[in-house]
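Keep in mind the model is a prediction, meaning the values are calculated, not measured. Order of the sequence lines fixes the chain letters, A, B, ..., with proteins taken first and strands second; residue numbering starts at 1 for each chain. These numbers come from the heavy atoms of this one structure, side chains and all, not from hydrogens, waters or symmetry mates.
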Amino acid sequence: MPNDWNRETYGKCNNPHGHGHNYHLEVTVSGSVDPATGMVCNLVDLDGFVHHEILERFGHENLNTLPDFNNAVPTTENLCIRIYEILQRGFRHAHLEKVRMEETMMNSFAYAGGKELRD
Amino acid sequence: MVYLTRKAEFAASHYYHNPEFTPEQNRAIFGKCNNPNGHGHNYTLEVTVKGKVDPQSGFVVDLRQLKDIMNREVLDAMDHRFLNKEVPEFLHQIPTAENIAIAIWQRLAPKLKAAHLHRIRIYETPDLFVDFYGEAA
């Protein structure tokens with residue numbers, strides 16, 4: 001897109017040197033409570049997956065340089081969708097319901113695979 | 001479908017009084033909130049919109065436009081106001097958090113173009129909030 005369109009659409013976010021956020025990620029999963037453990041899923045499994053597949057991939061990286069964003073602008077909308085896809089494909093211990101991300105204290109985004117949210 | 005939530009804070013005062021009730025009934029139902037001199041809250045408003053991500057911009061909605069609309073339609077009208085006396089919706093309606101959520105929905109819904117309003121959440125205190133999803137009020 002032309003430079004004017006980028007400046008107009010993204011404002012300060014169009015600075016090619018980039019800018020950072022302290023993102024907060026919430027992953028919601030669902031499932032029956034296992035009668036043996038009393039758990040929907042073992043949090044160690046969920047934490048491990050998020051750590052290896054998401055935090056190591058995206059944490060302290062320039063998102064624009066990652067293959068995930070070769071063809072998409074790394075808005076928090078698109079980051080939410082990408083993280084949902086990674087969890088959906090790889091996390092097998094419970095059913096993925098929703099990914100929610102806070103970009104700042106004042107903005108947040110949620111994605112449930114295209115489904116309507118109940119809250 | 002991605003959901004985006006933007007917060008805003010405003011301070012306003014209100015009191016609860018129904019002219020169809022006797023003074024005793026008003027005091028019994030509304031308690032301290034019936035004081036006609038009003039009392040204040042620091043409200044936190046959360047506006048959630050939903051929509052498809054625009055493939056060119058990567059946005060559900062332009063956050064600056066949403067912020068401008070919230071400022072113009074809600075904060076300019078309600079921030080640092082005595083809701084009962086200064087906001088038209090509450091001249092004849094009690095400005096409870098429930099009614100404030102409905103009024104904010106009605107102010108914002110017609111102004112949003114690309115994305116659809118999904119939820120209005122308003123915190124009156126950190127312990128109390130109201131959600132409104134635009135059902136027939």
Q) With respect to chain B, which residue among A/Asn78, A/Thr76, A/Asn71 yields the maximal number of heavy-atom pairs within a distance under 4.5 Å? A) A/Asn78

Q) Side chain, backbone, both or neither: which part of B/Phe59 has a heavy atom under 4.5 Å from chain A? A) both

**Q.** Within 6.0 Å of NZ in B/Lys32, more than 12 heavy atoms from elsewhere
**A.** no

Q. Between B/Leu4 and A/Phe109, which heavy-atom pair has the shortest distance, and what is it?
A. CD1-CE2, 3.1 Å

Q. When hydrophobic residues are tied together by side-chain contacts of less than 4.5 Å, even through go-betweens, does A/Phe58 share a cluster with A/Tyr23?
A. yes

Q) For atom CD of B/Glu86, is the number of surrounding heavy atoms from other residues, nucleotides or ligands below 6.0 Å larger than 12? A) yes

Q: Test B/Lys50 against A/Glu116 for side-chain contact (heavy atoms from CB on, under 4.5 Å), laying out the working first.
A: CA-CA 9 Å; B/Lys50 63 181 173 183; A/Glu116 293 272 329; 2.9 Å; yes

**Q.** Selection from B/Arg119, B/Arg64, B/Arg121 maximising heavy-atom pairs under 4.5 Å formed with chain A
**A.** B/Arg64

**Q.** Reported OG1-to-CD distance for the pair B/Thr5 and A/Glu102, which is rounded to 0.5 angstrom
**A.** 9.5 Å

Q: Compare every heavy atom of B/Gln56 with every heavy atom of A/Trp5, then report the nearest pair and how far apart it is.
A: CH2-O, 3.7 Å

Q: Tell me, yes or no, whether the heavy-atom count around A/Asn22 atom CG, taken from other residues, nucleotides or ligands under 6.0 Å, exceeds 12.
A: no

Q: Report yes or no: do B/Val49 and B/Met1 belong to one cluster of Ile/Leu/Val/Met/Phe/Trp/Tyr joined by side chain heavy-atom distances under 4.5 Å?
A: no

Q: Heavy atoms only: give me the nearest B/Val2-A/Tyr111 pair and the separation to one decimal.
A: CG2-CD1, 3.6 Å

**Q.** NE2 (A/His19) with more than 12 external heavy atoms under 6.0 Å
**A.** yes

Q: Taking A/Glu77 for its side chain and B/Val53 for its backbone only, find out whether a donor-acceptor pair lies under 3.5 Å.
A: no

(Q) Between A/Asn107 and B/Leu63, does the side-chain contact (heavy atoms from CB on, under 4.5 Å) criterion hold? Intermediate values first, please. (A) CA-CA 9 Å; A/Asn107 299 331; B/Leu63 267 175; 3.4 Å; yes

Q: Please state whether the side chain, the backbone, both or neither of B/Val61 comes within less than 4.5 Å of a heavy atom of chain A.
A: backbone

Q. With a cut-off of 6.0 Å (strictly less than), are more than 12 heavy atoms of other residues, nucleotides or ligands near NE2 of B/His116?
A. no

Q: Let me know if A/Met101 has heavy atoms under 4.5 Å from chain B in its side chain, its backbone, both or neither.
A: neither

Q) With hydrophobic residues grouped by side-chain heavy-atom distances under 4.5 Å, do B/Ile100 and B/Val130 end up in a single group? A) yes

Q. By a 4.5 Å heavy-atom criterion (distance strictly below it), what part of A/Tyr84 contacts chain B: side chain, backbone, both, or neither?
A. neither

Q.
Ignoring hydrogens, what is the shortest heavy-atom contact between A/Thr9 and B/Asp62? Give both atom names and the distance.
A. O-OD2, 4.2 Å

(Q) Could you tell me if the side chain of B/Tyr3 sits less than 4.5 Å from the side chain of A/Ser108, heavy atoms only? (A) no

